[in-house]
Amino acid sequence: MATTTPTPPSTKKPQISIIGSLNIDFVTATPRCPGPGETLTATSLTVSAGGKGGNQAVACGRSSFTSQTTQDVSVNMIGAVGAEDPYYATLLQPALEKSGVSTTSIEQSTVAQTGCASIIVEEAIGGENRILVVPGANHAGLLSSVENILAALKSQSDTPDIVVLQGEIPRTTTLGLLEYFNGPGDRAKVVFNPAPVFPEGIPLSALKGTAVLIMNETEVVQMARSIEGLPVGDVVEGDDLRPEELAPQFHERADVQIVLITLGAKGVYFSTKTGRTGIVAGVKVAKVVDTTAAGDTFVGYFASAVARFLATGRGLEAFDDDIESAVSKANAAAATCVQRRGAMQKTGIWV
Ligand code: ATP
């Protein structure tokens with residue numbers, strides 16, 4: 001009788017590509033905001049690395065270390081910055097690379113500057129933020145062309161198992177990437193964090209088949225209201241938010257496999273197309289210092305957990321047994337994040 005040789009398990013490390021924004025954050029702390037025509041002495045200026053794409057890449061990278069030098073997931077960033085930008089060289093690139101993120105696919109744009117955010121933190125009202133973003137290279141060159149992004153992905157040594165997308169690059173690019181990766185064939189699974197939500201919404205056809213959709217309490221309401229085919233008038237928000245009524249809409253109408261709704265300190269509501277639902281409580285922290293990038297840290301850690309799971313050869317439908325543990329670990333990382341100041345410098349923990 002002929003014997004068959006079993007296929008050896010794949011030794012390829014799972015690969016995550018984060019396609020998104022890179023920013024330099026200029027954070028000015030001030031007792032109060034100046035009025036029109038007024039000049040005030042502020043308390044401090046901090047310049048730091050940020051952008052949702054970069055923050056999520058750093059979180060993915062940090063979650064992948066099994067020791068100080070070994071990673072069990074390969075992470076690379078597809079993004080763009082202004083050419084020869086000293087802030088990129090001294091802040092963004094070191095933050096990404098120290099976190100184990102490959103920067104070789106980051107375009108050095110000659111037509112646009114690095115994206116930047118001017119953030120005013122008003123101390124008199126509990127550190128409330130006012131933020132102005134200049135997208136710069138995040139909305140030009142590489143990130144304005146789906147074809148160029150796909151070519152950048154193809155030129156890598158390994159094709160990604162997961163792509164992570166947010167809302168800080170052009171809407172047309174995001175829709176094109178959703179349509180491509182959610183389309184037929186053996187393509188990377190999409191982890192989509194629609195933050196910020198595009199005011200024009202997302203067509204159901206682009207969202208259809210998304211593997212993982214991660215939204216906070218505001219985003220889930222905006223998404224539910226802006227997607228054709230989802231309920232319009234009866235979406236309640238704030239303290240009345242009903243995640244258990246919203247999540248099934250994304251499964252049923254948009255065929256989303258996993259829906260996660262982050263609830264700040266309360267934790268995360270999770271729901272899978274195969275029927276597993278629940279809330280994983282947030283980790284209690286002694287003192288909240290700065291919640292910037294808590295959501296991004298959660299996204300990065302969860303994406304890594306999904307990548308590790310898919311590398312075992314099982315389909316995402318089988319993730320139901322692992323989902324609570326993955327959410328718990330991502331919650332723990334996000335709770336660590338809220339206890340530190342800044343965006344990218346603190347996204348995550350060594351595991
Ligand atoms: P941000 O915009 O501040 O990055 P977000 O609005 O996208 O965050 P949140 O729902 O506020 O997302 O927080 C994301 C996750 O971070 C939560 O699900 C939780 O795990 C963690 N988290 C947020 N705030 C706290 C907190 N005060 N204590 C503990 N964990 C927190």
Side-chain angles (χ1 to χ4, degrees), residues 18 20-23 25 27 48-60 62-63 117 119 121 126-133 164-168 191-198 212-224 237-239 241-244 246-247 258-271 277-306 323-349 351:
I18 291 88
S21 58
L22 293 165
N23 282 340
D25 294 343
V27 186
S48 57
K52 294 194 83 64
N55 293 342
Q56 294 181 9
V58 163
C60 273
R62 290 191 183 169
S63 70
I119 305 171
V121 178
E128 197 158 296
N129 285 338
R130 282 158 209 253
I131 304 177
L132 284 166
V133 178
V164 182
L165 304 172
Q166 321 78 31
E168 286 187 341
V191 172
F192 183 34
N193 171 224
V197 172
F198 297 110
V212 182
L213 182 62
I214 307 179
M215 302 162 285
N216 69 14
E217 291 167 289
T218 313
E219 290 147 8
V220 68
V221 170
Q222 291 171 337
M223 285 287 282
E237 53 195 301
D239 290 342
L241 185 80
R242 289 200 283 270
E244 67 287 357
L246 290 173
I258 294 174
V259 176
L260 299 172
I261 302 171
T262 64
L263 307 168
K266 286 175 278 169
V268 172
Y269 176 84
F270 67 88
S271 172
T277 62
I279 288 185
V280 179
V283 173
K284 286 208 173 12
V285 302
K287 186 168 179 237
V288 176
V289 176
D290 178 3
T291 62
T292 310
D296 294 335
T297 303
F298 181 88
V299 171
Y301 273 72
F302 191 83
S304 290
V306 173
I323 192 164
E324 283 188 53
S325 146
V327 170
S328 272
K329 285 182 187 151
N331 269 351
T336 302
C337 167
V338 304
Q339 296 176 78
R340 300 186 201 150
R341 200 167 286 286
M344 201 181 285
Q345 285 86 344
K346 55 139 187 202
T347 32
I349 49 173
V351 288

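Remember, it's 1-based here, ligands and their atoms both numbered in the order they're listed.
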Next on the checklist: If I apply the N/O under 3.5 Å rule, does Ala294 come out as touching ligand 1?
Outcome noted: yes
Checklist entry - Any nitrogen or oxygen of Val338, main chain or side chain, under 3.5 Å from a nitrogen or oxygen of ligand 1? => result no
Item to check | Among Ile214, Leu246, Leu263, side chain to side chain contact (heavy atoms under 4.5 Å, CB included) partner for Val220 | outcome: Leu246
Item to check | Heavy-atom protein contact below 4.0 Å for atom 24 (N) of ligand 1 | outcome: yes
Item to check | atom 4 (O) of ligand 1 [closest protein heavy-atom partner, distance rounded to 0.1 Å] | outcome: Gly295 N, 2.9 Å
Checklist entry - Roughly how far apart are Ile119 CD1 and Asp25 CG, rounded to 0.5 Å? => result 4.0 Å
Checklist entry - Any N/O of Asp296 closer than 3.5 Å to an N/O of ligand 1? => result no
Item to check | Asn331: side chain to side chain donor-acceptor pair (under 3.5 Å) partners, not counting sequence neighbours | outcome: none
Next on the checklist: Return the closest protein heavy atom for atom 29 (C) of ligand 1 as residue, atom name and distance.
Outcome noted: Val283 O, 3.2 Å
Checklist entry - Considering only heavy atoms, does Leu263 approach ligand 1 within less than 4.0 Å through its side chain, its backbone, both, or neither? => result backbone
Next on the checklist: Tell me the contacting part of Thr297 for ligand 1: side chain, backbone, both, or neither, using a 4.0 Å heavy-atom threshold, strictly below.
Outcome noted: neither
Item to check | Minimal non-hydrogen separation, Ala59 against Tyr301, with atom names | outcome: O-CE1, 3.5 Å
Item to check | Residues in side-chain contact (heavy atoms from CB on, under 4.5 Å) contact with Ser21, at least two apart in sequence or another chain | outcome: Lys52, Asn138, Glu168
Next on the checklist: Which residue and atom name correspond to the protein heavy atom nearest atom 20 (O) of ligand 1, and how close is it?
Outcome noted: Asn331 OD1, 2.7 Å
Item to check | SG-CG distance between Cys337 and Asp296, expressed to the nearest 0.5 angstrom | outcome: 8.0 Å
Checklist entry - When only distance counts, is Ala334 in polar contact with ligand 1, meaning an N/O pair under 3.5 Å? => result no
Next on the checklist: With nothing but distance in play, are any N or O atoms of Lys52 less than 3.5 Å from an N or O of ligand 1?
Outcome noted: no
Checklist outcome for this item: Of all heavy-atom pairs linking Val283 and Ala335, the shortest is CB-CB, 3.7 Å
Next on the checklist: Using every non-hydrogen atom in the two residues, find where Ser304 and Ser63 come nearest and quote the distance to one decimal.
Outcome noted: OG-OG, 2.7 Å
Checklist entry - Does the side chain of Val197 reach to within under 4.5 Å of the side chain of Met215, using non-hydrogen atoms? => result no
Checklist entry - So which of Gly264, Ala195, Cys337 gets nearest to atom 31 (C) of ligand 1, if we judge by its closest heavy atom? => result Gly264
Next on the checklist: Given Pro243, which partner from the list Val268, Thr277, Ile261 fulfils the side chain to side chain contact (heavy atoms under 4.5 Å, CB included) test?
Outcome noted: Ile261
Checklist entry - If you measure every N/O of Glu219 against every N/O of ligand 1, is any gap under 3.5 Å? => result no
Checklist entry - Would a 4.5 Å heavy-atom cut-off, applied to side chains only, mark Ile18 and Gln166 as touching? => result yes
Checklist entry - So which heavy atom in the protein is nearest atom 12 (O) of ligand 1, and how far is it from that ligand atom? => result Thr262 OG1, 3.4 Å
Item to check | Check: Gly267 N/O within less than 3.5 Å of ligand 1 N/O | outcome: yes
Checklist entry - Which heavy atom of the protein is the closest neighbour of atom 3 (O) of ligand 1, given with residue, atom name and distance? => result Thr291 O, 2.8 Å
Checklist outcome for this item: among protein heavy atoms, the one nearest atom 5 (P) of ligand 1 is Asn216 ND2, 3.7 Å
Checklist entry - Does ligand 1 have an atom under 4.0 Å from some heavy atom of Gly282? => result no
Next on the checklist: Nearest 0.5 angstrom please: Phe198 CZ to Gln222 CD, how far?
Outcome noted: 12.0 Å
Checklist outcome for this item: Short version for Val288: what comes under 4.0 Å of ligand 1, heavy atoms counted, is side chain
Checklist entry - Would you say Asn216's side chain and Thr218's backbone share a donor-acceptor pair under 3.5 angstrom? => result yes
Item to check | Side chain, backbone, both or neither: Ala293 near ligand 1, heavy atoms under 4.0 Å | outcome: backbone
Next on the checklist: I'd like to check which ligand 1 atoms, numbered from 1 as shown, lie under 4.0 Å from a non-hydrogen atom of Val268.
Outcome noted: 18 (O)
